[in-house]
Amino acid sequence: MNETDQLAASVDQANVEVELAVHAAMSDITRFANTPEFRSVLSEIWAVAPSRRAEFVVDVLLNAKELAARGVSIPKGLTIQRSTFRDNRPTLFCIVKHLPPGLLWEKVTVTFDNPSGEPALLYKDMVRNIRSTAEML
């Protein structure tokens with residue numbers, strides 16, 4: 001096998017590893033998001049007025065005690081966090097699973113959006129908060 005063929009085989013192998021890792025991570029997120037306990041929390045957030053959903057994210061979804069009180073146990077390796085995008089799409093929160101180190105892909109993220117069109121956190125506010133925190137260090 002010449003050098004070009006070896007490189008092509010290496011890239012193919014890397015692609016297969018990424019595909020398998022992404023598929024496994026997505027399956028983990030899907031399994032968790034479809035548990036009756038988490039689906040109940042989703043029903044709860046959708047019952048909240050759209051203008052109060054960002055508050056619900058902080059008070060419940062980002063609060064381990066509140067989730068536990070609702071029977072939600074976040075599996076090891078998954079994280080529920082706030083998410084924001086520069087274009088201010090209406091993201092409320094996301095579930096993230098980081099992939100093993102060394103892959104060409106870092107993580108799998110499933111976002112949950114606010115149908116009202118309002119993001120839970122504006123990008124400019126997130127950047128301001130990060131800068132403020134960094135300045136305190």
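Basis for what follows: all heavy atoms, side chains included, without hydrogens, waters or symmetry-related copies. All residue numbers in this chain count up from 1 along the given sequence.
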**Q** Might you point out which heavy atoms bring Phe56 and Glu44 nearest each other, and give the distance in Å?
**A**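 Closest pair (atom of Phe56, atom of Glu44, distance): CE1-OE2, 3.5 Å.
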**Q** Rounded to the nearest 0.5 Å, what separation is found between the CD atom of Glu55 and the CD1 atom of Ile45?
**A**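 The CD1 atom of Ile45 is 11.0 Å from CD of Glu55, to the nearest 0.5 Å.
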**Q** Would you please classify the geometry between the Phe38 ring and the Phe93 ring as parallel, tilted or perpendicular, with 30° and 60° separating the classes?
**A**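 Answer is perpendicular, since the angle exceeds 60°.
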**Q** Enter the distance from Thr109:OG1 to Ile95:CD1 here, rounded to the nearest 0.5 Å.
**A**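 Here the rounded value is 10.0 Å.
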**Q** Considering only heavy atoms from C-beta outward, does the side chain of Ile80 approach that of Leu67 to under 4.5 Å?
**A**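 They are in contact (side-chain heavy atoms under 4.5 Å apart), so the answer is yes.
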**Q** Can you check whether Asp59 reaches Glu66 side chain to side chain, under 4.5 Å on heavy atoms?
**A**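 Side-chain contact under 4.5 Å: no.
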**Q** Any side-chain to backbone donor/acceptor pair from Ser40 onto Pro36? Under 3.5 Å, distance only.
**A**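 Between the backbone of Pro36 and the side chain of Ser40 there is no qualifying donor-acceptor contact (under 3.5 Å).
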**Q** First locate atom CD of Glu37, then atom CG of Leu42, and finally report the distance between them rounded to the nearest 0.5 Å.
**A**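 Interatomic distance, Glu37 CD to Leu42 CG, rounded to 0.5 Å: 12.0 Å.
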**Q** Going only through I, L, V, M, F, W and Y residues with side-chain contacts under 4.5 Å, is there a path from Met26 to Val96?
**A**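 In one cluster with Met26: Val96, no.
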**Q** May I ask you to test the Leu61-Phe112 pair for a side-chain heavy-atom distance under 4.5 Å?
**A**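 The answer is no; the side chains never approach within 4.5 Å.
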**Q** Indicate the atoms forming the closest heavy-atom contact of Ser83 with Thr111, along with that distance.
**A**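 That closest heavy-atom pairing would be OG-CG2, 4.5 Å.
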**Q** Does any N or O in the side chain of Trp105 come within less than 3.5 Å of the main-chain N or O of Lys107, such that one atom is a donor and the other an acceptor?
**A**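 The answer is yes, because a donor-acceptor pair under 3.5 Å joins these two groups.
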**Q** What closest approach, in Å, do Phe32 and Ser73 show between heavy atoms, and which atom pair accounts for it?
**A**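 Heavy-atom minimum between the residues: CE1-O, 3.6 Å.
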**Q** Quick one, Arg70 with Val60, criterion side-chain contact (heavy atoms from CB on, under 4.5 Å). Give me CA distance, side-chain angles, the key distance, then yes/no.
**A** CA-CA 9 Å; Arg70 289 164 169 81; Val60 177; 3.7 Å; yes
**Q** For Pro50 versus Asn114, what's the shortest heavy-atom pair and its separation?
**A**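 It is O-ND2, 3.3 Å.
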**Q** Is any side-chain heavy atom of Arg82 closer than 4.5 Å to a side-chain heavy atom of Val58?
**A**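 Yes, at least one pair of side-chain atoms sits under 4.5 Å.
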**Q** Looking at Arg31, is its backbone amide N or carbonyl O close enough to the side chain of Thr35 to form a donor-acceptor pair, meaning the two atoms are under 3.5 Å apart?
**A**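 Such a contact is absent between Thr35 side chain and Arg31 backbone.
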**Q** Leu99 versus Val22: any side-chain heavy-atom pair under 4.5 Å?
**A**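 Yes, side chains in contact.
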**Q** Looking at every non-hydrogen atom in both residues, tell me the closest pair between Ala25 and Val108 and how far apart they are.
**A**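 Closest approach of Ala25 to Val108, heavy atoms only: CB-CG2, 3.7 Å.
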**Q** Working to the nearest 0.5 Å, report the span between CD of Glu106 and NZ of Lys97.
**A**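 That separation rounds to 14.5 Å.
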**Q** Does any non-hydrogen side-chain atom of Val57 lie less than 4.5 Å from one of Leu62?
**A**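 A side-chain contact exists here, since the closest heavy-atom pair is under 4.5 Å.
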**Q** From His98 NE2 over to Leu103 CG, what is the distance, rounded to the nearest 0.5 angstrom?
**A**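 The CG atom of Leu103 is 13.0 Å from NE2 of His98, to the nearest 0.5 Å.
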